[in-house]
Amino acid sequence: MDHPLHLYNTLSRKKETFVPIAAPHVGLYVCGPTVYGDPHLGHARPYITFDVLVRYLEHLGYKVRYVRNITDVGHLENDADAGDDKIAKKARLEQIEPMEVVQRYTVSFHEAMELLNNRPPSIEPRASGHIIEQLAMIEQLIANGFAYAVNGSVYFDVTAYAKDHDYGKLSGRVVEDLIAGAGNERRSLEGQDEKRNPADFALWKNAQPEHIMRWPSPWGDGFPGWHIECSAMSKKYLGETFDIHGGGMDLLFPHHESEIAQSQGSCGHHPVNYWVHNNMITINGQKMGKSLGNFITLSEMFSGNHPKLTQAFSPMTVRFFILQAQYRSTLDFGNEALQGVEKGLKRFLEGIKTLEKLKANADSSSFEVDGLIASYYEALNDDLNTPILIAQLYETVRLANLIAAGQADIDAASLEKLQKAASLMVYDILGLRDEQAAGGNQLDGVMALLLELRQKAKTNKDFATSDLIRDQLTALGIQVKDGKEGASWTVL
RNA sequence: GGUCGGAUGGCCGAGUGGCUAGGCAGAGCUCUGCAAAAGCUCCUACAGCGGUUCGAAUCCGCUUCCGACCUCCA
């Protein structure tokens with residue numbers, strides 16, 4: 001291909017040509033959700049972004065193994081309940097089993113992903129199902145001198161690791177600063193005094209008696225630390241070095257930095273070639289997140305049941321909204337923006353349908369079809385620039401409408417090429433689907449009949465009847481559009 | 001406090017040295033029995049101040065403002 005795929009690699013801080021380790025195979029690991037709460041708008045962004053990446057890679061002919069974990073062992077709290085396990089806490093709160101919480105939110109996550117038309121990953125490993133692998137990696141780290149056990153907990157020894165490795169190369173941290181402590185604002189975490197050094201991080205945490213989620217280990221009952229699951233599971237399913245690791249920018253430090261240290265420390269080499277990070281969704285310019293409590297869940301988006309929402313927004317509106325920003329830019333949430341996207345999406349999909357139904361009307365095209373199609377690929381190849389792709393597809397829609405109106409020409413061969421390429425981009429790569437496609441053959445037949453009756457009325461100048469039919473249909477949510485080739489309709 | 005990033009038209013959001021991003025909103029027109037849809041046209045912005053350059057939204061410097069990470073987070 002003339003323009004190979006380029007991805008921005010956080011590690012090198014520049015766009016790089018994507019070259020897999022063992023083409024045509026591509027290994028992709030994306031940090032999955034912690035299932036102790038409903039999925040929110042922020043979750044939609046990485047999973048849509050990497051869904052598009054997977055779809056595109058497969059279109060390019062790669063065989064992708066897409067691994068995305070489910071974190072169901074919880075992480076340390078930072079508030080008054082410091083040292084608690086988030087999942088255990090929520091379970092006590094609701095008087096149910098931890099695994100029940102995990103199950104409920106895993107299901108709700110899957111439902112949201114399906115609504116957003118994100119395809120499931122190839123493997124979706126659970127942290128709780130890989131305790132053995134995590135323990136093995138921790139023991140290896142101890143054996144290699146990069147970890148130490150204290151009071152039933154095990155910590156990663158950043159100082160020891162940093163002697164021969166660059167801890168901080170991904171996130172741009174300086175080890176000395178981390179060791180010195182990150183300023184006066186740094187809160188004191190439970191277990192901080194057990195660490196040899198403030199920069200050290202937990203690999204295994206000793207479980208307090210009230211701690212429900214616990215597993216036996218060589219150091220006593222406990223639970224895995226913050227970052228070890230991703231290292232252990234990516235190694236298990238993708239190997240010690242794999243192609244792409246994705247996730248939100250907020251995971252850059254300490255999560256991904258520590259993943260590198262754990263993998264490097266235990267296996268002896270760098271785990272990932274391309275680190276790809278999506279930016280945050282903001283609300284009033286501020287990050288939308290659990291800790292700030294300013295997030296909107298996906299089910300609230302879809303139902304409109306949230307004080308910040310003036311109306312419901314469909315899953316495809318949300319998907320289109322997210323795809324209209326490049327994944328490395330922040331994207332600001334707003335009703336006005338969403339409403340604009342909703343209308344734009346409708347016109348967009350209508351236009352694509354118009355293109356699909358188009359018939360060739362000339363022996364040559366009045367515009368350059370190959371260049372237009374090439375522009376789709378150029379956009380995607382440039383670090384998945386979906387907004388540019390969408391702009392080019394809008395241009396395609398404009399041309400299709402012109403052809404339909406007899407104001408532009410296209411030949412048969414060009415038309416077929418364009419139809420194929422545009423549909424591929426819209427449905428297969430961007431992963432949009434027509435939410436209004438409903439009714440089936442029966443409705444089609446009924447509508448054809450109604451429109452025929454209306455046409456008769458119009459021919460007889462019986463506009464009262466023709467308007468009655470149209471207005472009643474409008475009231476039912478079906479829009480009638482009179483065109484040169486007769487009337488057509490869409491479900492609103 | 002440290003590190004990094006951003007400031008684009010009413011709103012969202014691309015773009016990195018000259019050439020229209022795109023969408024939504026708004027205005028006009030065409031089409032139409034009237035609408036709707038669609039098309040065409042218009043609205044042409046780049047935080048501020050300096051500098052480099054024939055030419056800067058785009059490069060450099062300074063200023064102001066905003067954000068992210070440094071603590072679980074997509």
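Residue numbering restarts at 1 for every chain, and letters A, B, ... go by the order of the sequence lines.
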Point to revise | Interatomic distance at P, B:rU41 relative to B:rA21, whole Å | key: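 It works out to 14 Å between them.
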**Study point:** C1' atoms of B:rC46 and B:rU30, separation to the nearest Å
**Key:** 34 Å
Just checking [X]: base, sugar-phosphate only, or nothing, at a heavy-atom cut-off of under 4.0 Å?
X: A:Leu251; value: sugar-phosphate
X: A:Phe348; value: nothing
X: A:Asp467; value: base
X: A:Lys343; value: sugar-phosphate
X: A:Glu395; value: nothing
X: A:Gly334; value: nothing
X: A:Leu402; value: sugar-phosphate
X: A:His40; value: base
X: A:Met280; value: base
X: A:Leu393; value: nothing
X: A:Thr330; value: sugar-phosphate
X: A:Gln326; value: sugar-phosphate
X: A:Ser329; value: sugar-phosphate

Of the nucleotides [options], which one has an atom closest to the side chain of [X]?
X: A:Ala325; options: B:rA74, B:rA36, B:rA14; value: B:rA14
X: A:Ala391; options: B:rA21, B:rG13, B:rA36; value: B:rA21
X: A:Arg347; options: B:rC69, B:rC12, B:rA38; value: B:rA38
X: A:Leu292; options: B:rC69, B:rA37, B:rA68; value: B:rA68
X: A:Arg454; options: B:rC69, B:rC34, B:rC73; value: B:rC34
X: A:Gln324; options: B:rG10, B:rG22, B:rG33; value: B:rG22
X: A:Gln407; options: B:rC70, B:rG23, B:rG39; value: B:rG39

Do the ring planes of [X] and [Y] sit parallel (below 30°), tilted (30 to 60°) or perpendicular (above 60°)?
X: A:Phe201; Y: A:Phe156; answer: parallel
X: A:His40; Y: A:His43; answer: tilted
X: A:His245; Y: A:Tyr29; answer: tilted

Check your understanding: Just wondering, do A:Phe463 and B:rG33 stack (centres under 5.5 Å, planes under 30°)?
Key -> yes
Review point. Strictly by modelled atom types, are A:Asn335 and A:Gln311 linked by a side-chain donor-acceptor pair under 3.5 Å?
Key: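 No, A:Gln311 and A:Asn335 have no side-chain donor paired with an acceptor closer than 3.5 Å.
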Practice item. Assess whether salt bridge (charged side-chain N to carboxylate O under 4.0 Å, His left out) is satisfied between A:Arg68 and A:Asp51, documenting all intermediate values. Key: CA-CA 11 Å; A:Arg68 187 182 65 204; A:Asp51 183 56; over 6 Å; no
Check your understanding: Given atom CD1 of A:Ile352 and atom C1' of B:rG22, what is their separation to the nearest angstrom?
Key -> 14 Å
Point to revise | Check: A:Tyr394 ring centroid to A:Phe348 ring centroid under 6.0 Å | key: yes
Check your understanding: Relative to the 5' end of RNA chain B, which residue comes earlier, A:Pro254 or A:Lys15, by the nucleotide with the nearest heavy atom?
Key ->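 On the 5' side of the pair lies A:Lys15.
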Exercise for review: Determine which nucleotide pairs with B:rA25, using a 3.5 Å limit on both distances of a Watson-Crick or G-U wobble pair.
Suggested key: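 Its partner is none (no Watson-Crick or G-U wobble pair with both distances under 3.5 Å).
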Exercise for review: Taking only the side-chain nitrogens and oxygens of A:Arg328, find out if one of them lies under 4.0 Å from OP1 or OP2 of B:rA68.
Suggested key: no
Check your understanding: According to a strict under-4.0 Å criterion, is A:Asn278 in side-chain N/O contact with OP1 or OP2 of B:rA74?
Key -> no
Exercise for review: Using the side-chain hydrogen bond (donor to acceptor under 3.5 Å, both in side chains) rule, pick out the option among A:Asp482, A:Asp467, A:Thr459, A:Asp462 that qualifies with A:Arg454.
Suggested key: A:Asp482
Look at the side chain of [X] and the base of [N], then say whether one donor and one acceptor between them are separated by less than 3.5 Å.
X: A:Arg470; N: B:rA35; value: yes
X: A:Asp332; N: B:rG13; value: no
X: A:Asp482; N: B:rA35; value: yes

